[in-house]
K.L.:
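Okay, here's the structure, questions in a sec.
Source: prediction; values computed, not measured. Just follow the structure's listing: the first ligand is 1, and inside any ligand the first atom is 1. Sequential numbering from 1 along the given sequence is applied to the chain's residues. We use all heavy atoms of the structure for the numbers below, so side chains are in, but hydrogens, waters and symmetry mates are not.
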Amino acid sequence: MALNVSHVVGGYSQIPVLKDISFDVKDGELVGLIGLNGAGKSTTINHIIGILKPFSGTIMINGKTIENDNRDYKKQIAYIPEIPVLYPELTLKEHLEMTMMAYHLNHTQAWKEAKRLLRIFRLDNKLNWFPANFSKGMKQKVMIVCAFITNAKLFIIDEPFLGLDPLAVSDLIDLIKQQKQKGSSILMSTHVLDTAERFCDRFVLIHGGKIRTEGTLEQLRKKFPHAGSSLNDI
Ligand code: ATP
């Protein structure tokens with residue numbers, strides 16, 4: 001099991017947001033974490049990547065419980081946040097080198113992959129640029145390139161499509177599909193369901209900090225027949 005979230009109660013500074021959340025992402029599975037604004041998707045992700053600690057319950061990554069004093073599990077996760085977080089004093093090249101060091105990557109192989117991805121996102125001539133020179137969408141693309149060079153076993157992706165141009169959305173979908181074919185497991189939060197429903201294996205629907213339902217597109221359509229052709233109507 002790539003990810004097991006079991007009876008997690010959590011939130012911010014003792015303000016509970018997640019109320020007994022349980023769900024799994026199996027090895028090689030691509031799961032869409034869906035729900036309305038404020039449902040608790042990013043809060044769930046913040047617990048999985050260790051920014052927040054559950055008040056109770058457990059989170060297991062690749063069969064091991066995440067613990068504060070064991071930071072090794074972080075190298076098994078590639079994380080793309082909803083809002084790009086870059087170091088103002090580091091160039092694009094230095095961000096890539098920092099990622100390669102943090103994930104103990106083979107630099108020759110990682111640079112080969114980085115150059116391929118930089119070309120796809122038209123960043124290949126911007127290696128010496130600082131974050132201040134990038135637009136929001138370009139910063140998002142930098143985060144995407146840094147995440148995908150890691151070739152991590154588990155990808156946690158928070159609202160990846162917002163702020164990206166249609167070409168970049170299409171390129172990102174291709175990358176996500178390729179990463180799944182390489183054997184990675186992926187949890188992707190989104191409310192761009194028209195796009196996500198085309199390639200997610202399964203969906204977990206969160207509402208008011210609780211899991212409301214989960215299943216394949218077909219299963220959810222059966223549970224919510226009024227939703228018509230799109231899960232947007234649930
Ligand atoms: P969106 O689709 O808008 O990104 P979401 O499903 O990711 O929404 P969260 O960001 O997880 O939702 O928010 C869930 C709840 O947690 C909301 O009620 C929100 O107000 C609250 N919340 C989010 N961030 C914080 C914070 N830093 N401190 C306190 N409460 C927060």
Side-chain angles (χ1 to χ4, degrees), residues 2-25 29-61 66 68 74 77-86 135-144 147 154-166 168-169 172-173 176 185-215 217 220 223-224 227 230-234:
L3 171 68
N4 170 254
V5 177
S6 180
H7 298 293
V8 166
V9 176
Y12 303 85
S13 310
Q14 306 305 314
I15 303 167
V17 173
L18 306 182
K19 300 158 189 159
D20 199 4
I21 293 261
S22 297
F23 67 94
D24 293 325
V25 177
E29 199 179 27
L30 168 46
V31 173
L33 183 62
I34 59 174
L36 300 174
N37 291 133
K41 303 183 294 295
S42 294
T43 306
T44 301
I45 284 176
N46 287 342
H47 282 81
I48 295 167
I49 61 160
I51 292 176
L52 295 172
K53 194 173 182 300
F55 305 158
S56 61
T58 54
I59 297 173
M60 295 179 90
I61 309 280
I66 59 176
N68 271 357
K74 294 201 171 170
I77 303 176
Y79 168 52
I80 304 176
E82 182 175 4
I83 298 163
V85 187
L86 297 172
S135 70
K136 184 189 169 289
M138 289 161 98
K139 286 180 188 160
Q140 178 76 353
K141 291 174 185 177
V142 172
M143 300 295 297
I144 291 167
L154 177 64
F155 275 65
I156 305 288
I157 311 180
D158 198 357
E159 295 284 1
F161 304 120
L162 303 180
L164 288 184
D165 59 66
V169 168
L172 177 58
I173 291 171
I176 291 173
S185 313
I186 300 157
L187 177 71
M188 181 184 75
S189 113
T190 186
H191 41 71
V192 187
L193 298 177
D194 298 345
T195 305
E197 66 186 21
R198 297 205 305 261
F199 64 99
C200 284
D201 297 317
R202 204 158 55 81
F203 294 92
V204 173
L205 174 64
I206 185 166
H207 185 77
K210 293 181 183 167
I211 303 296
R212 184 163 170 208
T213 189
E214 55 184 294
L217 182 59
L220 292 194
K223 275 187 199 169
F224 300 94
S230 169
L231 294 176
N232 270 318
D233 311 327
I234 288 177

K.L.:
Got a donor-acceptor contact below 3.5 angstrom from the Ser185 side chain to the Leu154 backbone?
P.N.:
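Looks like no, no N/O pair under 3.5 Å.
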K.L.:
Determine whether Ile34 and Thr190 satisfy the following criterion, side-chain contact (heavy atoms from CB on, under 4.5 Å), listing intermediate values before the conclusion.
P.N.:
CA-CA 6 Å; Ile34 59 174; Thr190 186; 4.3 Å; yes
K.L.:
Could you go through the side-chain contact (heavy atoms from CB on, under 4.5 Å) check for Ile66 and Ile48 one step at a time?
P.N.:
CA-CA 8 Å; Ile66 59 176; Ile48 295 167; 6.0 Å; no
K.L.:
Can you name the residues that come within less than 4.0 Å of ligand 1, going by heavy atoms only?
P.N.:
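Near ligand 1, by chain and number: Tyr12, Val17, Leu36, Asn37, Gly38, Ala39, Gly40, Lys41, Ser42, Thr43, Glu82, Glu159, His191.
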K.L.:
Where is the tightest heavy-atom contact between Glu159 and Lys41, given as atom of each residue plus distance?
P.N.:
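Between these two residues, the closest heavy atoms are OE2-CE, 3.4 Å.
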K.L.:
Hey, what do you get for NZ (Lys210) to CG (Leu18), rounding to the nearest 0.5 Å?
P.N.:
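Atom-to-atom, Lys210:NZ and Leu18:CG are 12.0 Å apart.
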K.L.:
Are any of the side-chain nitrogens in Arg202 or Asp24 under 4.0 Å away from the carboxylate oxygens of its partner?
P.N.:
no
